[in-house]
Every structure is written in C-alpha cells, then in structure tokens.
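Since the model is a prediction, treat every value here as computed from it, not as a measurement. Hydrogens, waters and symmetry mates are skipped; everything else that's a heavy atom, side chains included, is used.
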Amino acid sequence: RRREKPSLFSTTAMGARFTALLLVGAASLMILASSMFGSSSSGAGRIVHVTEHGVAAARQQQLAATAASSRSRLTNLAEAAPGGGGAAAPPLATATASAASPERPAARGALDGSLEAALRVAVPGEAPGFVMASFANSALNDHLVNFVLCAVRARAPFVIGAVDQAAFTMLSARRDAPTYVTPMAKEGASLDGSNQHSSGSWKRFAGMRTGEVLRMVRLGYSVLHTDIDVVWLRSPEPYLMCSGEASRPGGEHGPGSRFECGPLLSADVAVSSDNMSPGRDTEGRASYSAGGTFNTGILFLRPTVKGRAFAEEWHANVVSPPPGSRYVSLTSDQQVFNHMMRKPRQWPGVDAPHGSAVMREAWDGGRVTLGSLPLALFLNGHGYFVQRADLRLKVSPFAVHATYSLDNHDGVAKRQRFREAALWAADPPPRPEARYLALNFSTPPLVQTKIDKYGRANAANIDVHSAALNAYVAELRDALALARALGRTLVLPRWTCWCDRMWSGSDDIFHFGCMYPGSQDGKFVPFACPMDHVLSPAAWAKAEVDYRDAAILDQPQLRASGAVVDVGLEPRPGWTRKAGSLPLGTSAAEARELLKPLAATPVLRLPHARGLLCSIDDAAAFNSLADRLLRIPTWCAKCFQPCSKELAGWLPAEEIRRGGGWDKMSYCMKVDVPPKFDAGGACSLNVQP
C-alpha cells in the first residue's frame, strides 16, 4: 500500500484491508511531518454548485444541506481572521460558552511563550482539565488559522505548540489562540522538508511532540492530541470526559445511547482509526478498530497512573528505543504506538470484544486499557469527504480529519478538501469587485446513455466513470477559456463520480462495486467527486490559476437578488440575440461582446459547456495551459482475475489493452486531454456535433 506523504500536520490514512503481515512485517504506518508544503496559496477552492439536474440530484441536495449546516457553524469566522477584512478574532473571553465548555477568559498579555501560560489561558481554573494539543510551524499558517477559528467556534479548549518562532509570533498576535514556544522553536531547529520519516528533522519533530504531550499529561491534563489538519465541528470534551448534559440519561451520550460515553471512562488511552467503514465501526467498535491502523492524529490520554506510564514509554521508544527492540527500526510515533499496543507477531495483537468501547491486553498484555474513538464521531477523510457517512448514519461528528486526500496529499490538497466541504474558515469573504463564471453540473448525454444501458443499479462501473471524466474535462476546456476571456474567476462544478479513487492501484476496486475495499458497505457510489478525483489541485496551484468552489455562492453578497444570472445556451440555428444568451459554437470574442451588458453582475452561471466555444484568442497559450490543468490524475486498480475477463462486461478489448490490462492483473484508465483550440482560428468543438 502506498503511504501518505509526510507533512507537519497529519498522520497517515492507511485504512482498509490492513493485514497483519503489512503491520507486523513492514510496519508501514505513517505520520506526516516537515515544512515542505510551504504556505503558497492558489486562491480559494472550487465551487460546489448543486443543481436539480443530473443523476445525483438527491445526493447533491443532501450535500448542500450539510454544507449549509457546516457554513452556519463557521459564520463570521473568516471575517474575524487577521487580514480577513473584518475585525480581529474575538478573545476566548467573548466566546459564547456551553455548559460543558465554560468561558475561558484570557488577557492577551498572558501568553509568555511557556506551556504553562498557554494552558492557563486555555483551561482557566485551579485544577487541570481537558485540553486539545496540536503542533505546527509557520509554513502551515493557513491551516493554523483554520484550526484556531474552528476550534474556537466549537468551544473546545486547546493549545498550539509553535514549532518555529514565526508561528508563535503569528498566533500570539491573535486573541483566540493559546500558544507557546516548543523546544524545537527555542533551539531554532529547522525542518529539512524531507518526505522520508527517516530524515533527522522528522524524527526530531516526532520526539518533540510526544515529549510535549507527556509534559501535559504529567501536569495532570487529559490531553487530546490532534493534528493541525483536523477541523473540530463540536467540542469532544463532553464525550471524552463524560460530563454535562450529554452524559445524563436521555442525553446524547447517556446510558443506552448509540455512543454512550460511560464505557470509555475506563480507557487510559483512546485512539482514532484509519479504517474505511464508519458503519461497521459503529457496530463492532473495538473489534473493528483493532483490525486496522490506529491513527495518532486524534489520540486521547488520561493522566491516570497507566496513562502517564504509557506516555512516558511511548516518548522514550520514539526518542531512544532500547537497542535490539522492535522499535529501533521504526521512524514515526504512530508506528511506535501501533507496535506498543499489539503483541508481537500476532493479529490484531490486542483483545477487542465485539461492541466494546475498549480493548483489553493492550501494551504488553494489559498495562493499559485502550479505547476506540468511534469513527462516525471522529471521521477520517474518506468517511467524510467521499462517503459522507455522517449523513447515512445520521450523526453529528466532532471532527473531520483530512486523511485520504489525494494528489500530493499536502497542504494544498487538504485545504481544497476543506473548502469544497465548506469547512475552511481561513479565507476572507469575496471582494465586492470580484466577478465569477460558474459552471453548473448536468449529466453529459453520453454518460446518461451509458447509465441507461446498465441501469442505475449497475451504473457504478469503469465504463460510466471513464466516460464521465472524459466529458467533464472536455466541458471544462470551454468554461476555463470563457472565464479567462471575460476576466472572471472560474467556479468549478461538483461533478458526480461513478468509481472511487485512491493513491495507487493496489486493490481490486472492480470486485467491490467500484468502491475501495473495506468501504463498500456504505454503498456511497455515485458520489459527489472531490476535486482531486477529477483534477490536480497542485497543478492548478502551480499554474497560479485562480478558481473557486460552490460554497462561495452561499456567501451573503452572492445570494442577494440579481447577484447571479443564468446564461442561456441555444443552438445557433434559430438563436436570436437577447440579454444573457449565447449561441452554441460561439467564439470567445463574440461571447465577450454578447455578455458585455452583464459585466457588473457578480456571477454568470453556465448550465453546461458542451459545444460552447468554437475558437478563442491566443489559442496556443491556452492550449499549453490546458495541457497542464485538464489532465485526469492517474487512476489504476488491480483485477481479481485477468483484466481481460473481469473488465470485459464494461470495456471493449482495445480499451483494456490500452490500459495495460490485457491478460494482466492491473488496469490504468486512459483519459484523453480535451481537443485543442485551433491556432489558426478554425472551429474546434469540445464535443462532436
């Protein structure tokens, strides 16, 4: 299984079908470190415009409702961010407090760079309590701001360990971010940007953060270690501490509830999971969690005798493992954690009763009681962004962890996932003078023909998916060209995917209804594609091409009357000139002239872009750009039997050969780059008439 690439803010997403051989033999559990991702921005993300048209209308409406709910949680947060066009972020003292999360007043000058001062600000009072802890450097300032804004909105107490001085300076200038200077920042240590966990800077970071978590546990705090690429939607304190109204009879986590908090109180340590099925996790709990990778990106430690002892030894095994021990060859704190919790050369190596909230015999046969954090409440990236398991299971998660993001699996990819799910609060609101061209989603006719051929119940296959991707990028050619001709920012549609996608073709996705093995019980196909299933966010960022996601259309100024005008598209024969209408097969110059009366309209929205443009100005330059931006990311999968047999029901023999799957056990889908515009001005449509 291909590993996620390192970053400073996240642990691995290695979920499904993680076998004992893989874990014990290869120990391929990853956490993310290093500053290589930088703080460059490609502008805001892509728009999710939900339409009543298309094959996934009901699904899209569900997503829109959930996105609206998410946006309501993030109201005014962006305006509160420094540089966001509004007032400074409110101090913790002014945040409306819940019963479980009382107000935490803090004077701005209370932060002196020490951990103790940050903890006093985050958790005021005489005795230590619950606190979330995260660590990041200034290369991830945008993720730091998003984390802070969302955690404040969730009323969750937190501290952030600044890994460099610049991060501390930025955070301490705010009035909502209890922060302190970590040992790495004090020493001026720099991260070398290496993708390898064997790099010296990564090992140093892993040792530093386990040591800092240990310091907090020693001080008596119940510590929830969280990666910086986690968005907190609600405070998990009432559940983890089993306190307040939620823990009482009839409460959300009271006795007899689906996610009862009482049984978890016996856990000294509790950890999240990279498993792929929130539904099976809800039923099996510890027994299901034990069968996959423990993800220390969300890890809870209580200051019990056993909890402290584990934190001590975990840190020691990361920093200076005993010579000859099984920890010597490991390169990340997550690898060490997983090995410590399991008996050597056994699977799962821990006693995990079905339906139990805790696992027995963890860490050397029972030195600690290990709790399982419900996957439905602490969702990983696949469970939330792809499956939308929260909707299916009807739960309100505490957190969304941006694991299982694709492309380069870096800050750009994770930010994009959050933006398109309306979970990114760090962007300023749209500028009043900004102008957009939004491409709506509708099912391309060829794709609909294929859906009808197989029947909707059997349409989740590689033939439909391949045709859809080809059609999507072909339409995008004209939408992008027109947006550039009009001087507008492109708003990408929310496409429908008919097959899942992962980093590499390591599993037989065809055998499981085009869903990644382990997730198929969710029956989530078709689903609304994240951008990285269709395009490369990194390529768009590198090209510095600005674009947006449909969440921007729900900004108040873009919901006002007259802010959005739907552009009509009609066949040229019979077309008559009228406001807001274009003939199909137009040129960029003609379209620019016809839409000139709408120049002041904030958003022009196309119903589709099939056969829209015949020619454009400066075709050579645009063709070069499109060649970089409109390429479908690599899509490969293994076959359960020779691909020539397994895929024969969906693809012609020539297409199977083209994908390298003839009499072989793997297939890579081939999607052509859209037709180029003719540099001499001859008509070149993106679809055949």
Side-chain angles (χ1 to χ4, degrees), residues 46 54-56 386 406-408 413 439 441-451 453-454 459-481 490 492-505 509-510 514 516 525-540 543 545 547 608-611 622-639 643 646-647 650-662 664 666-677 684-688:
R46 53 188 281 273
V55 296
V386 175
L406 304 177
D407 208 30
N408 289 342
L439 175 60
F441 171 78
S442 64
T443 304
L446 176 60
V447 177
Q448 188 61 55
T449 298
K450 289 183 178 291
I451 294 170
K453 170 187 172 182
Y454 294 105
N461 64 62
I462 190 63
D463 186 23
V464 174
H465 189 57
S466 177
L469 294 183
N470 271 288
Y472 298 159
V473 294
E475 283 195 55
L476 196 57
R477 183 202 74 162
D478 288 15
L480 177 61
L490 180 64
L492 298 178
R494 173 58 65 89
W495 295 289
T496 295
C497 277
W498 294 89
C499 277
D500 198 359
R501 174 179 177 256
M502 292 300 288
W503 302 286
S504 62
I509 195 171
F510 310 114
C514 252
Y516 203 73
V525 179
F527 60 96
C529 310
M531 179 186 182
D532 55 25
H533 281 233
V534 182
L535 301 168
S536 167
W540 285 64
V545 173
Y547 63 98
H608 64 84
R610 295 184 288 274
F622 179 83
N623 289 338
S624 176
L625 179 67
D627 191 58
R628 287 175 281 152
L629 300 187
L630 304 184
R631 289 188 176 273
I632 300 296
T634 301
W635 193 105
C636 299
K638 288 188 179 298
C639 296
C643 296
E646 185 164 0
L647 305 183
W650 301 307
L651 300 177
E654 182 55 38
E655 184 61 31
I656 298 173
R657 289 192 185 94
R658 186 176 176 227
W662 192 256
K664 296 181 181 179
S666 64
Y667 170 81
C668 292
M669 180 174 58
K670 303 297 182 183
V671 178
D672 296 324
V673 175
K676 298 181 183 298
F677 285 107
S684 176
L685 295 174
N686 59 6
V687 295
Q688 293 298 319

Of all heavy-atom pairs between Arg501 and Pro633, which one has the smallest distance, and what is that distance?
-> NH2-CB, 3.2 Å

Side-chain heavy atoms of Phe441 within contact of Glu475, under 4.5 Å | no

Answer yes or no: does atom NZ of Lys664 have more than 12 heavy-atom neighbours from other residues, nucleotides or ligands under 6.0 Å?
-> no

From the list Thr634, Asn408, Asp407, side chain to side chain donor-acceptor pair (under 3.5 Å) with Ser536 holds only for Asp407

Looking only at heavy atoms, the pair that brings Leu685 and Gly611 closest together is CD2-O, 4.0 Å

Would you call Ser442 and Arg610 a side-chain contact if the rule is heavy atoms closer than 4.5 Å?
-> yes

Can you tell if the side chain of Leu476 reaches within under 4.5 Å of the side chain of Leu535, non-hydrogen atoms only?
-> yes

pair His533-Trp635: side-chain heavy atoms closer than 4.5 Å | no

Quick one: closest heavy-atom pair of Ala637 and Ile509, and the distance?
-> CB-CG2, 3.5 Å

Interatomic spacing from CZ in Phe622 to NZ in Lys676 - rounded to 0.5 Å = 10.0 Å

Asn686 side chain to Pro674 main-chain N or O, any donor-acceptor pair under 3.5 Å?
-> no

What residues form a salt bridge (Lys or Arg N to Asp or Glu O under 4.0 Å) with Glu646, not counting sequence neighbours?
-> none

Student check: side-chain heavy atoms of Leu480 and Tyr547 closer than 4.5 Å = no

Side chain to side chain contact (heavy atoms under 4.5 Å, CB included) evaluation trace for Tyr667 with Leu651 = CA-CA 11 Å; Tyr667 170 81; Leu651 300 177; 3.5 Å; yes

Between Arg477 and Ser684 the two heavy atoms that sit nearest each other are NH2-O, 2.8 Å

Ring pair (Phe, Tyr, Trp, His ring centres under 6.0 Å) partners of His608, counting only residues at least two apart = none

Is any side-chain heavy atom of Pro530 less than 4.5 Å from a side-chain heavy atom of Val386?
-> yes

Pairwise side-chain contact, Phe677 with Asp478, heavy-atom cut-off 4.5 Å (strictly under) = yes

Within-4.5 Å side-chain heavy-atom neighbours: Thr496 and Phe527 = no

In Å and rounded to the nearest 0.5 Å, what is the CG to CE distance from Leu647 to Met669?
-> 12.0 Å

Nearest 0.5 Å please: distance from the SG atom of Cys529 over to the CG atom of Asp500.
-> 10.0 Å

Would you mind writing out the side-chain donor-acceptor pairs for residues 459-469 within the sub-3.5 Å range, not counting sequence neighbours?
unit_1: Asn461; atom_1: OD1; unit_2: Asp463; atom_2: N; d: 2.9
unit_1: Asn461; atom_1: OD1; unit_2: Val464; atom_2: N; d: 3.0
unit_1: Asn461; atom_1: ND2; unit_2: Asn458; atom_2: O; d: 3.0
unit_1: Asp463; atom_1: OD1; unit_2: Lys450; atom_2: NZ; d: 3.1
unit_1: Asp463; atom_1: OD2; unit_2: Lys450; atom_2: NZ; d: 3.3
unit_1: Asp463; atom_1: OD2; unit_2: Tyr454; atom_2: OH; d: 2.6
unit_1: His465; atom_1: ND1; unit_2: Trp498; atom_2: N; d: 3.1
unit_1: His465; atom_1: ND1; unit_2: Cys499; atom_2: N; d: 3.4

